[in-house]
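Below, chains carry the letters A, B, ... as their sequence lines are ordered, and counting in each starts from 1. What you see below is based on every heavy atom in this structure, not just the backbone, and it leaves out hydrogens, waters and symmetry mates.
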There are 4 protein chains.
Amino acid sequence: MFELDIRSRKPIYEQLVERLKELIITEVLKIDEQLPSVRTLAQQLTINPNTIQKAYRELEIQGYIYSIKGKGSFVSSANDSQNTEKLHKVKNDLIKLLSEAMYLGVTAEELITIIEEIQASIGGGIEHDQN
Amino acid sequence: MFELDIRSRKPIYEQLVERLKELIITEVLKIDEQLPSVRTLAQQLTINPNTIQKAYRELEIQGYIYSIKGKGSFVSSANDSQNTEKLHKVKNDLIKLLSEAMYLGVTAEELITIIEEIQASIGGGIEHDQN
Amino acid sequence: MFELDIRSRKPIYEQLVERLKELIITEVLKIDEQLPSVRTLAQQLTINPNTIQKAYRELEIQGYIYSIKGKGSFVSSANDSQNTEKLHKVKNDLIKLLSEAMYLGVTAEELITIIEEIQASIGGGIEHDQN
Amino acid sequence: MFELDIRSRKPIYEQLVERLKELIITEVLKIDEQLPSVRTLAQQLTINPNTIQKAYRELEIQGYIYSIKGKGSFVSSANDSQNTEKLHKVKNDLIKLLSEAMYLGVTAEELITIIEEIQASIGGGIEHDQN
DNA sequence: GTGGTCTAGACCACA
DNA sequence: GTGGTCTAGACCACT
């Protein structure tokens, strides 16, 4: 379920954040569903609990999850107040990446096809090309 | 022209790489055009020449520029052999980012509009018959 | 173990890269084995840590090792995607060097002997059934 | 005849040295044949005469050509005194490169085929894969 | 004057 | 403790 690449240059906690976001976005993890506890996950993945902790904290900051002391961490509903700024950031990143892709030769048609596929996969919860 | 955020978590040299890529992609910097010299740019931005050089070296590795000892650094024409793997990476990143954007409520229509705008901005910078 | 020639025209970091490649190729350093830390090696060789790091970074780019912040640097298993282009480069270099050697009077027989010796030294370093 | 890559990281004078060596080795340039004058070549290639000068000096040091003041530069016969040490160096380089090639998956058979091809091309003065 | 290498020494981020 | 970034300042190689 969590395919962490220990060899990647990307810090482990960032990989975790990314992966968990993905699971939330594709609604594998539903709203208010409880995430595995820090310790459990640390054991499962055989990595340092501090690293899990850091990932959860980051997700909380970004508004994807919320934590209740003594109970655990839960998937947050896509809340509105934070969305505005996140949207802004994501759009900016998107423009950069789309520019680069097109500079490298990806056509507008290809991009539209990709968009349509994603649209379908989000709506339906279909499986997703693995990383 | 170069808005560096010295306080950012993102390393200065990476910011530089990103910014210069942008200028190359949007063809503000044309193929074979000379970049500012390491020392000149360092003075302009009041950062260490080594940092500039690190950025230039990274751009060279990524195939965006080439540097010649004693002459200077120049914009490279898109290299085909490197493009294949870069394309793969960019597409993967794109899928992630597009998913996130659509989860946050960006519609397919909006995305297509963005794509068309980018297409115009890249295609419009130079003569049309160059293709 | 590392015979660096501080006076050589060849940069220290390149000498290091070459030497470490050798150790990896001859499997003195095995896959996933940890390399000496940047600082340790710097002390041992009495050269600047930055120089070691530059060498390690170069080896990482070339796909021979991978580095993880906070953990260390490790020997990478041969990466396929990079191999194709590296192979091409190495073959070209080989043709040049072989031509030169034969011009200088090395016979084909001698070369074949050398090849067989290398084959033995690479293949013989580890268990036989690993192939 | 001289395909210099101004964009290459390899200094121009080194490219020249390499290319001229190649022409001598493949006997396109015969023993005692006169090389183009520094100025002529500089004009032809539109590069700085100093750069040509440096290449010729290097070739002279390595024993591939000899220069006579006021007359020009000429291809030297493969002389013996220098050959011994050159041979040693070339063999060492060869071992490194062959090891790397085999580590990357080139088989002994392939290498032998390459050797046979080169042997044929040197003996006969056949054309040579460019660069 | 150009890029490239190296040092000494400080500081940050990750596990 | 690990790797990674940055600075200040020196020196080399190439054109």
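Of the listed nucleotides (dG3(F), dA15(E), dT5(E)), dT5(E) has the atom at the smallest distance from the side chain of Gln53(B). Of the candidate nucleotides dG4(F), dA15(E), dT5(F), dT5(F) has the atom nearest to the side chain of Lys54(B). Of all nucleotides listed (dA15(E), dT5(E), dC14(F)), dA15(E) comes nearest to the side chain of Asn48(A). In this structure, the nucleotide among dG4(E), dT7(F), dT2(F) sitting nearest to the side chain of Ile12(B) is dT7(F). Distance from the side chain of Tyr13(A) is smallest to dC14(E) among dA13(F), dG4(F), dC14(E). Here dT5(F) is the nucleotide among dT5(F), dT2(F), dA15(E) with the atom lying nearest to any side-chain atom of Glu14(B).
A 3.5 Å limit on both hydrogen-bonding distances identifies dG1(E) as the Watson-Crick or G-U partner of dC14(F). Pair check for dG9(E) finds dC6(F); Watson-Crick or G-U wobble, both atom distances under 3.5 Å.
Remark: Glu18(B) engages Lys10(B) in a salt bridge, criterion side-chain N to carboxylate O under 4.0 Å. Comment: Glu33(C) does not engage Lys30(C) in a salt bridge, judged by the lack of any side-chain N to carboxylate O separation of less than 4.0 angstrom.
Between the CZ atom of Phe74(B) and the P atom of dT15(F) there is a distance of 12 Å, given to the nearest Å. Atom P of nucleotide dT2(F) and atom CD1 of Ile52(C) are separated by 13 Å, given to the nearest angstrom.
Within 4.0 Å of Ile47(D), counting heavy atoms only, lies no atom of the nucleic acid at all. When heavy atoms are screened at a 4.0 angstrom cut-off, Arg9(B) is found touching the sugar-phosphate backbone but no base atom. Using a 4.0 Å heavy-atom distance criterion, Tyr56(C) is classed as making no nucleic acid contact.
Ser99(C) places a side-chain N or O within 3.5 Å of a backbone atom of Ile95(C) that can act as its donor or acceptor partner.
Rounded to the nearest 0.5 angstrom, Arg57(D) CZ and Ser67(D) OG are separated by 10.0 Å.
Counting atom types as modelled, Arg39(C) pairs a side-chain N or O with a base atom of dG3(F) as donor and acceptor under 3.5 Å. Asn50(B) contributes no side-chain N or O that forms a donor-acceptor pair with the base of dG4(E) under 3.5 Å.
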